[in-house]
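See below for the structure under consideration.
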Amino acid sequence: MVSGLKRMEYRGYDSFGFCIHGRDKNFSTFKKVGKISGANEELDGMTVAGNIGHAHTRWATHGGVTEVNAHPHLDCQGDISVVHNGIIENYKELKKELEAEGHTFISQTDTEVLAHLIEKFFDGNLERAVKKAVAKVRGTYGIVVLSKNDPNKIVAARSGSPLLIGIGDNEFLVASDPAAVVANTKKVVYLNEGEIATLTPENYFIYADRVPQEIEWDAKDVEKGEYPHFMLKEIMEQPESLRNSLRGRLLPEVGNAKLGGLMPVEERLREIERMYLIACGTASYAALEGEIMLEEYAGITAKMVPASEFRYRKSTINRDCAMLAISQSGETADTLAAIREAKSKGVMTIGITNAVESTQARETDAGIYNHAGPEIGVASTKAFTSQLAVLALMALYLGRQRQLSLVMGQRIVDELARIPELVEKVLQSAAQIKVIAEKYKDSQSMLFIGRKYNYPIAMEGALKMKELSYIHAEGVAAGEMKHGWIALVEDGFPVVAICPSDSVYEKNISNIMEMKARKASIIAVATEGNEDIASIADDVIYVPKTLEMLTPILATVPMQLLSYYVALARGCDIDKPRNLAKSVTVE
């Protein structure tokens, strides 16, 4: 359980705890504030006799970061132990009812309500009590429950928060992420929405017919290896992750993409004239890129809407539209809610995700997997560039269904095939970017600017800087600077300008000169061979020439490295930035 939690810390890391049902029929419970890696000595000296238990690493939602609020949570008698991912939305009213019935609460969490509800309904059978308890709650949950009085049994239930069962060698495991079990087994069964499962030492039971799946990656894929941080490892893995995303999908002779996941809806896609792109955080910037790609190459009217906003706005989405949902984990709560809203209106839903058998993959009508491999660093890197590559494939595919010419299709295919090699070339600038990062590590604020395809990359670069280094940063459309943001610029103010030699290069240069006239320090990301930019910018990072549509993949890499090295110089926790979690499974 401890090794599983260590591999899961990117999901939450402000506190942790575990409970083991010992051979003496008692619970051995341990909780601690902080990261599990900080308690190695304490844990190494601990011995508990037992073969059944559960553990949790927390990202606080309800209640502060304290040992009392850490999971597991117990009932009044200490006979039932619960760990929980998600949010119980009606916990206050349930807590009030339970207190009126004599239950005593000790934490500030919503999770503790579950322990007391299960206690209320317990009649000797844990599955029955869990089923009755979850029927009373509103919200999301992935729970794992133990009972002293129904021993040798784990009961798990999910609604809106992922769970899987690992089928090991003479053992069964339950977890919220494959990373926790991949060292023990690659054979897993994913629980569907609303399902309850029971694990015993002999077997596991789900109240539905299920077939085990194979995890695509190995335990070594979720280890840092020779790298000091997962983020640096994942930045450096991008040539390979992009190769995996593109492998088998490029058709040079016909200038098209082979996307097997879209075959079930191929004919319906021909009729689509509008597409809504739904995503959160970094994925939303990929969606913005997709919006431009789809309009320019496929002739489809496209609109990016943040998933967290979609359900709360009056939308014109209808059966003539399609929804494209983008999520690295496939478990993002807001994105899943948007998908369900669209499906309720009869809208075709398509997904792009890196997680095979994720909830998004199961609930969308069709989709495309990234195949980028596991991403452990909280700040997304290789998943993002993979999303950009997959969106380019999709724009090509839909464009060839429509008016995109064979010649242009073949050119896109040829350039996509070169992208992994070109990213390798950009990565060779890491040492130079580290030097630039040292110059600006003490900045209080930064601006990232770009136009057209590189405006979303400016926003992504700013987000990475905020996430990793805690420096205030904003991504701005370069042409908008004079409409307010230029007021921030003063002597030495750092401006990262993404200005490749593309259709808006001259416009970009004009905007950079406006910054330079006000004594800004310019860090330019430019195309190889552009020597003129060196006379304008204080520092230049070069990327190779490619199609304008694909330049954002190359321009993203310097954004990632710059943010990484600034955060490193500032002594920040790079893989686990404060207040953030990798997979946001609550709204």
Side-chain angles (χ1 to χ4, degrees), residues 11-12 14-15 56-66 68-76 80-101 103-121 129-145 155-163 176 191-196 278 280-281 306-313 325 327 329-344 358-360 363 579-587:
R11 296 285 294 269
D14 55 40
S15 58
H56 186 268
T57 182
R58 183 174 186 242
W59 184 71
T61 56
H62 293 68
V65 180
T66 65
V68 170
N69 288 335
H71 299 214
H73 288 284
L74 305 177
D75 67 331
C76 294
I80 289 167
S81 180
V82 178
V83 294
H84 165 229
N85 286 344
I87 290 178
I88 306 304
E89 294 174 357
N90 61 335
Y91 84 99
K92 287 185 178 179
E93 58 195 77
L94 290 171
K95 183 176 181 179
K96 188 174 181 181
E97 291 174 11
L98 289 162
E99 285 177 329
E101 293 170 8
H103 292 261
T104 302
F105 288 77
I106 63 170
S107 79
Q108 301 166 300
T109 68
D110 55 334
T111 300
E112 194 181 356
V113 163
L114 288 166
H116 292 279
L117 272 178
I118 296 167
E119 176 189 19
K120 173 181 177 177
F121 292 119
V130 169
K131 187 175 181 180
K132 289 180 179 179
V134 297
K136 297 276 287 182
V137 306
R138 293 194 313 271
T140 58
Y141 56 82
I143 60 171
V144 180
V145 189
V155 175
R158 72 153 289 183
S159 178
S161 192
L163 283 181
S176 58
L191 293 191
N192 286 328
E193 192 72 359
E195 287 186 339
I196 296 176
I278 304 296
C280 295
S308 57
E309 291 290 318
F310 180 79
R311 284 188 300 159
Y312 305 106
R313 292 165 52 170
S327 168
S329 68
E331 302 293 349
T332 307
D334 289 309
T335 306
L336 292 174
I339 290 168
R340 291 162 188 160
E341 176 73 11
K343 288 175 75 72
S344 74
S358 61
T359 303
Q360 177 176 299
E363 293 195 7
N579 304 331
L580 299 178
K582 181 67 172 171
S583 183
V584 182
T585 57
V586 296
E587 186 177 359

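Distance alone, capped at 3.5 Å, is enough to place a donor-acceptor pair between the W59 side chain and the N579 backbone. Panel note: side chain N69, backbone G64; a donor-acceptor pair is recorded below 3.5 Å. Listed for the T140 side chain is a donor-acceptor partner under 3.5 Å among the backbone atoms of I87. Formation of a donor-acceptor pair under 3.5 Å by the E193 side chain with backbone atoms of G160 is found in this model.
Of all heavy-atom pairs between V145 and I143, the closest is CG2-CD1, 4.0 Å. Considering all non-hydrogen atoms of both residues, T335 and A325 come closest at CG2-CB, 3.8 Å. The nearest pair of heavy atoms linking A338 to I278 is CB-CG2, 3.6 Å. The nearest pair of heavy atoms linking I80 to A115 is CG2-O, 4.3 Å. Taking both residues in full, the closest heavy atoms of E112 and T104 are given as OE2-O, 4.0 Å, listed atom of the first, atom of the second, then distance. Counting all heavy atoms, side chain and backbone alike, C280 lies closest to D334 at SG-CB, 3.9 Å.
Going from atom CZ of R340 over to atom CZ of R311 covers 9.0 Å, rounded to the nearest 0.5 Å. We find the CG-OG distance between L191 and S159 to be 11.5 Å, quoted to the nearest 0.5 Å. To the nearest 0.5 Å, atoms CG (N90) and NZ (K95) are separated by 13.5 Å. Distance CD/E341 to OH/Y312: 9.5 Å, rounded to 0.5 Å.
For the side-chain contact (heavy atoms from CB on, under 4.5 Å) with H84, the qualifying choice from T109, D110, V113 is D110, the only one to do so. Partner T332 forms a side-chain hydrogen bond (donor to acceptor under 3.5 Å, both in side chains) with one of S358, S327, S308 and no other, that one being S327.
Within 6.0 Å of the NZ atom in K136, the count of heavy atoms belonging to other residues, nucleotides or ligands does not exceed 12. For K131, the NZ atom counts as loosely surrounded, since its 6.0 Å shell holds 12 or fewer non-hydrogen atoms of other residues, nucleotides or ligands.
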query: Yes or no on side-chain hydrogen bond (donor to acceptor under 3.5 Å, both in side chains) for H62 and Q108, after CA distance, side-chain angles and deciding distance?
result: CA-CA 6 Å; H62 293 68; Q108 301 166 300; over 6 Å; no
message: Could you go through E93 and R138, starting from their C-alpha distance and side-chain angles, then the distance that decides it, and tell me whether this counts as salt bridge (charged side-chain N to carboxylate O under 4.0 Å, His left out)?
response: CA-CA 11 Å; E93 58 195 77; R138 293 194 313 271; 3.6 Å; yes
message: Does L98 form a side chain to side chain contact (heavy atoms under 4.5 Å, CB included) with F105? I'd like the steps, not just the answer.
response: CA-CA 9 Å; L98 289 162; F105 288 77; 3.9 Å; yes
task: Determine, stepwise, if the pair E195 / R158 fulfils salt bridge (charged side-chain N to carboxylate O under 4.0 Å, His left out).
output: CA-CA 6 Å; E195 287 186 339; R158 72 153 289 183; over 6 Å; no
message: Run H56 and R58 through side chain to side chain contact (heavy atoms under 4.5 Å, CB included) and show every step you take.
response: CA-CA 6 Å; H56 186 268; R58 183 174 186 242; 3.9 Å; yes
task: Dump the intermediate steps for side chain to side chain contact (heavy atoms under 4.5 Å, CB included) on L114 and H73, then the final yes or no.
output: CA-CA 9 Å; L114 288 166; H73 288 284; over 6 Å; no
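At least one side-chain heavy atom of V155 sits less than 4.5 Å from a side-chain heavy atom of I196. The closest side-chain heavy-atom distance from N85 to Y141 is not below 4.5 Å. For the pair E331 and L336, the minimum side-chain heavy-atom distance is below 4.5 Å. The side-chain heavy atoms of L117 and L94, taken from C-beta on, include a pair separated by under 4.5 Å. Side chains of V134 and V130 form a contact here, defined as non-hydrogen atoms less than 4.5 Å apart. Inter-residue side-chain proximity for V83 and P72 is flagged as met; some heavy-atom pair is nearer than 4.5 Å.
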